[in-house]
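Some notes on the structure that comes next.
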Amino acid sequence: MSFLKIPYRNYPKEGLFKKFYRENIYKIEEFKDEFKYYEYTPIEKIIIDEHNLIPFIFFSPEGINYLMPKIIESISNGIKTDDIPVNIEEFIINIPIEENITHALNFLKKDELIILKNYLEKILFGDSSKLIQQIGEYYLFRSVEYIEKLINNS
């Protein structure tokens, strides 16, 4: 279990990435190091930061679910350091609209959704105007509202 008490998930049987991206020769060439990093690094050692940027739209919902403890850990670290990696910013912005992210959130248990919501609220209502400016107040409110709906429906 991670420090957030969110258990690590099993590696998805179909892989971390959507076949559309994993089988596209241009994407394979452009993101070969990133694919390798996420596919061959043990989950406990994965760090989601500026060094292995890959859009979350490339990941399958199961892949996002697999990485969810690390995504939440990265959000938590961003609150501490007052800076969130670009791909985590993209994840937060796309919570209510990107199909693979919304599908992945449906895998989460209620307590996991609450943890994610609490971290987003810490950004929104905390003292970091830099993070609010980086992500956007509108996107934070929209994502918190979406997660709240999921919590209420679970």
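Position 1 is the first residue of the sequence; numbering continues from there.
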Margin query: For I28, I'd like to know if atom CD1 has over 12 heavy atoms of other residues, nucleotides or ligands within 6.0 Å.
Written below: yes

Note to self: Do Y119 and I47 land in one hydrophobic cluster if side-chain heavy atoms of ILVMFWY residues count as linked below 4.5 Å?
What the structure shows: yes

Item checked: R142 vs I93 side-chain heavy atoms within contact, under 4.5 Å -> yes

Checklist line | Side-chain heavy-atom pair I64, L16 within 4.5 angstrom cut-off | finding: no

Margin query: I need the I88 CD1 to S76 OG distance, nearest 0.5 Å.
Written below: 11.5 Å

Notebook entry, point to check: Under the 6.0 Å and 45° cation-pi test, does R22 pair with F58?
Noted result: no

Next item on the list: Can you measure from CG (N118) to CG (D111) and round to the nearest 0.5 angstrom?
Entry: 11.0 Å

Notebook entry, point to check: So which heavy atom on T102 is nearest to which on Y146, and how close?
Noted result: CB-OH, 3.4 Å

Margin query: Which label fits F17 and Y38: parallel for a plane angle under 30°, tilted from 30 to 60°, or perpendicular past 60°?
Written below: perpendicular

Next item on the list: Keeping the roles fixed (side chain from N24, backbone from K27), state whether a donor-acceptor pair exists under 3.5 Å.
Entry: yes

Next item on the list: Quick one: pull up CG in N153 and CG in N106 and give me the separation to the nearest 0.5 Å.
Entry: 9.5 Å

Note to self: If you count every heavy atom of other residues, nucleotides or ligands that lies below 6.0 Å from E30 atom CD, does the total exceed 12?
What the structure shows: yes

Item checked: Gap separating the CG atom of N100 from the CG atom of N94, nearest 0.5 angstrom -> 8.5 Å

Note to self: Other residues, nucleotides and ligands only: do more than 12 of their heavy atoms fall within 6.0 Å of CD on Q133?
What the structure shows: no

Checklist line | Within-4.5 Å side-chain heavy-atom neighbours: H51 and P85 | finding: no

Margin query: Does Y8 form a ring pair (Phe, Tyr, Trp, His ring centres under 6.0 Å) with Y66? I'd like the steps, not just the answer.
Written below: CA-CA 7 Å; Y8 288 116; Y66 172 74; 8.2 Å; no

Margin query: Which residues pass the side chain to side chain donor-acceptor pair (under 3.5 Å) test with K32, not counting sequence neighbours?
Written below: E29

Margin query: With a 4.5 Å cut-off on side-chain heavy atoms, are E148 and K117 touching?
Written below: yes

Margin query: Can you confirm whether more than 12 heavy atoms, excluding those of F56, are under 6.0 Å from its CZ atom?
Written below: yes

Check: ring pair (Phe, Tyr, Trp, His ring centres under 6.0 Å) between Y138 and F141: does it pass, once the steps are laid out?
Finding: CA-CA 5 Å; Y138 168 77; F141 269 115; 9.0 Å; no

Margin query: Apply side chain to side chain contact (heavy atoms under 4.5 Å, CB included) to residues L53 and E34 and explain how you reach the verdict.
Written below: CA-CA 7 Å; L53 288 176; E34 290 84 358; 5.6 Å; no

Check: Any link between F31 and F20 through a network of hydrophobic side chains (Ile, Leu, Val, Met, Phe, Trp, Tyr) touching at under 4.5 Å?
Finding: yes

Next item on the list: Decide if atom NZ of K18 counts as having more than 12 heavy atoms of other residues, nucleotides or ligands within a radius under 6.0 Å.
Entry: yes

Note to self: Distance check, rounded to the nearest 0.5 Å: D49 atom CG versus T81 atom OG1?
What the structure shows: 11.0 Å

Notebook entry, point to check: What are the two closest heavy atoms between I43 and K70, and how far apart are they?
Noted result: O-CE, 2.9 Å

Notebook entry, point to check: Tell me, do F107 and E62 make a side-chain contact under 4.5 Å, heavy atoms counted?
Noted result: yes

Notebook entry, point to check: Is there a side-chain contact between I54 and F59 (heavy atoms, below 4.5 Å)?
Noted result: yes

Check: If you draw a 6.0 Å radius around CG in N10, do more than 12 non-hydrogen atoms from other residues or ligands fall strictly inside?
Finding: no

Check: Is the CD atom of E50 crowded by more than 12 outside heavy atoms at less than 6.0 Å?
Finding: yes

Notebook entry, point to check: What heavy-atom pair brings E89 and I84 nearest, and what distance separates the two atoms?
Noted result: N-CG2, 3.6 Å

Next item on the list: Group every Ile, Leu, Val, Met, Phe, Trp and Tyr by side-chain heavy-atom contacts under 4.5 Å, then state whether F125 and I147 land in the same group.
Entry: yes

Check: What distance separates S128 OG from K122 NZ, expressed to the nearest 0.5 Å?
Finding: 13.0 Å

Next item on the list: Walk me through it: do E145 and K149 pass the test salt bridge (charged side-chain N to carboxylate O under 4.0 Å, His left out)?
Entry: CA-CA 6 Å; E145 279 183 351; K149 283 180 188 175; 5.8 Å; no

Notebook entry, point to check: Just wondering, do L140 and I92 contact through their side chains at under 4.5 Å, heavy atoms?
Noted result: yes

Next item on the list: Looking only at non-hydrogen atoms, find the nearest pair between E90 and P55 and report the distance.
Entry: OE1-CA, 3.5 Å

Check: Got E39 and Y11 here, is their nearest side-chain heavy-atom distance under 4.5 Å?
Finding: yes

Note to self: Applying side chain to side chain contact (heavy atoms under 4.5 Å, CB included), can you list everything that pairs with T41, at least two apart in sequence or on another chain?
What the structure shows: Y37, K45, I46

Check: Shortest non-hydrogen contact from I95 to S143?
Finding: CB-OG, 3.6 Å

Checklist line | Distance-minimising heavy-atom pair for I75 and I123 | finding: CG2-CD1, 4.0 Å

